[in-house]
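Working notes for the structure below.
Fair warning: this is a prediction, and the values are worked out from it, not measured in the lab. These numbers come from the heavy atoms of this one structure, side chains and all, not from hydrogens, waters or symmetry mates.
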Amino acid sequence: MTTFTIIGLIALLIVLFEFIGGFNDGWSDVDKLAPISIESADPAFDKVTATTFDVLPDSAIQAANSQAGTTVPTGFMQCHSYIVPSGLTNFTYILLGLTGLVSFYGLYNLIRLFISIIRKEVFTSINIRRIRWGVYPPIAYHLVKYFLNWSETRDAMAQLTIPGYTIQPASPFEFSWIGILLLILLTEVFVVAVKLKQEFDHLKSSSTL
């Protein structure tokens with residue numbers, strides 16, 4: 001097998017494993033993302049949504065340790081609770097669904113790209129479209145996902161009070177910006193390489209005429 005064939009097969013397997021793993025994680029945590037109903041007798045609970053957010057203790061909290069016979073400092077860094085989504089959060093849910101659907105099409109294009117690489121059809125115009133569809137929609141999905149987390153934590157800060165704790169908004173430093181920039185850079189480098197190859201082939205064919 002040639003180098004291109006090996007690289008294409010490895011990349012295809014990685015994409016499939018990543019997609020299957022992400023799908024399984026999302027399926028397992030679907031109850032944390034979907035609107036829930038705690039008590040059907042109270043209509044107020046029909047509007048709440050489960051969310052998980054970071055918290056910071058304002059002071060040390062003491063817990064009794066029966067084995068040691070003393071109190072020890074304790075606390076938690078995350079909290080799972082329920083909020084009423086704001087208009088911005090509901091709009092972000094819609095954006096997340098749309099970018100998620102487009103990402104499926106992006107996955108299809110990535111698979112087609114890797115198949116063309118296996119067939120040694122690398123520097124073609126259609127691969128420019130495939131790699132852009134395969135990279136930019138998933139990036140948009142993850143950006144919207146972060147924005148949703150930020151919006152939900154802002155709702156939690158406005159609606160919830162946890163004695164002894166301060167709710168922390170989603171931090172932009174928790175997001176892998178370097179990975180996104182590298183993906184964009186590599187994508188556009190590939191695009192430039194394809195265009196240069198096409199220009200070179202055009203000049204070569206013109207000089208032979």
Side-chain angles (χ1 to χ4, degrees), residues 1-30 33 87-154 169-209:
M1 300 177 74
T2 63
T3 302
F4 275 132
T5 302
I6 295 174
I7 293 174
L9 285 174
I10 292 175
L12 181 59
L13 289 174
I14 290 175
V15 168
L16 291 176
F17 278 127
E18 285 287 332
F19 175 76
I20 294 172
F23 180 81
N24 287 335
D25 291 341
W27 184 268
S28 301
D29 294 338
V30 67
L33 301 176
L88 180 61
T89 300
N90 284 326
F91 175 71
T92 312
Y93 287 146
I94 298 174
L95 284 181
L96 190 68
L98 291 175
T99 53
L101 289 175
V102 177
S103 294
F104 277 100
Y105 181 68
L107 175 65
Y108 165 77
N109 278 276
L110 274 183
I111 293 174
R112 292 294 303 274
L113 172 66
F114 296 140
I115 291 174
S116 68
I117 291 175
I118 293 173
R119 294 175 176 173
K120 300 180 182 180
E121 301 170 357
V122 183
F123 299 104
T124 61
S125 298
I126 194 172
N127 280 344
I128 292 178
R129 180 179 63 83
R130 286 171 176 167
I131 194 171
R132 281 177 168 167
W133 274 105
V135 170
Y136 288 113
I139 287 177
Y141 174 81
H142 283 88
L143 289 174
V144 173
K145 196 173 182 180
Y146 160 73
F147 187 68
L148 175 61
N149 188 22
W150 176 85
S151 182
E152 286 182 334
T153 55
R154 299 298 297 184
S171 171
F173 299 106
E174 298 173 1
F175 201 75
S176 180
W177 298 103
I178 297 297
I180 287 179
L181 291 175
L182 284 176
L183 273 176
I184 294 175
L185 177 63
L186 292 175
T187 298
E188 295 306 317
V189 166
F190 177 81
V191 170
V192 171
V194 172
K195 291 181 178 179
L196 288 175
K197 176 69 165 53
Q198 291 175 342
E199 290 178 3
F200 175 78
D201 291 341
H202 178 71
L203 291 174
K204 186 177 179 180
S205 61
S206 299
S207 61
T208 56
L209 295 177

Task: Nearest atoms (heavy-atom pairs only) where Val122 meets Phe190 - done: O-CZ, 3.7 Å
TODO: Measure the OG1-CG distance between Thr89 and Asn149 for me, rounded to the nearest 0.5 Å.
DONE: 10.5 Å
Task: Lys195 side chain reached by Ile128 side chain, heavy atoms, under 4.5 Å - done: yes
TODO: Would you list the pairs meeting salt bridge (Lys or Arg N to Asp or Glu O under 4.0 Å) in which at least one residue belongs to residues 176-192, sequence neighbours left out?
DONE: Arg132-Glu188
TODO: Could you tell me the separation between the CG atom of Leu95 and the CG atom of Asn90, rounded to the nearest 0.5 Å?
DONE: 11.5 Å
TODO: Working to the nearest 0.5 Å, report the span between CG of Leu143 and CG of Leu96.
DONE: 11.5 Å
TODO: Apply the side-chain contact (heavy atoms from CB on, under 4.5 Å) test between Val189 and each candidate in Val192, Thr187, Leu185; give the one that qualifies.
DONE: Leu185
Open item on the list: In the structure I gave you, are the side-chain heavy atoms of Leu88 and Trp150 within less than 4.5 Å of one another anywhere?
Closed with: yes
TODO: Quick one: closest heavy-atom pair of Tyr146 and Ala170, and the distance?
DONE: OH-O, 3.8 Å
- [ ] Mind checking the CZ-CZ spacing from Arg130 to Phe114? Nearest 0.5 Å is all I need.
- [x] 11.5 Å
Open item on the list: Testing the basics here: between Gly134 and Asn109, what is the closest heavy-atom pair and its distance to 0.1 Å?
Closed with: N-CB, 4.4 Å
Open item on the list: To the nearest 0.5 Å, what is the distance between OG1 on Thr124 and NZ on Lys197?
Closed with: 10.0 Å
TODO: State, with a plain yes or no, whether a side-chain heavy atom of Tyr141 is found less than 4.5 Å away from one of Val102.
DONE: no
Open item on the list: Do Thr92 and Val144 make a side-chain contact, defined as non-hydrogen atoms from C-beta onward lying under 4.5 Å apart?
Closed with: yes
Open item on the list: Could you work out, with side chain to side chain contact (heavy atoms under 4.5 Å, CB included) as the rule, every residue matching Leu183, not counting sequence neighbours?
Closed with: Val135, Ile139
Open item on the list: Please find the pair of heavy atoms, one from Asn127 and one from Ser116, that lie closest to each other, and give the distance.
Closed with: OD1-OG, 3.1 Å
Task: Main-chain N/O of Phe147 paired to Ser151 side chain as donor or acceptor, under 3.5 Å - done: no
Open item on the list: Please list all pairs meeting side-chain hydrogen bond (donor to acceptor under 3.5 Å, both in side chains) that have one or both residues in residues 96-106, counting only residues at least two apart or in different chains.
Closed with: Tyr105-Arg129
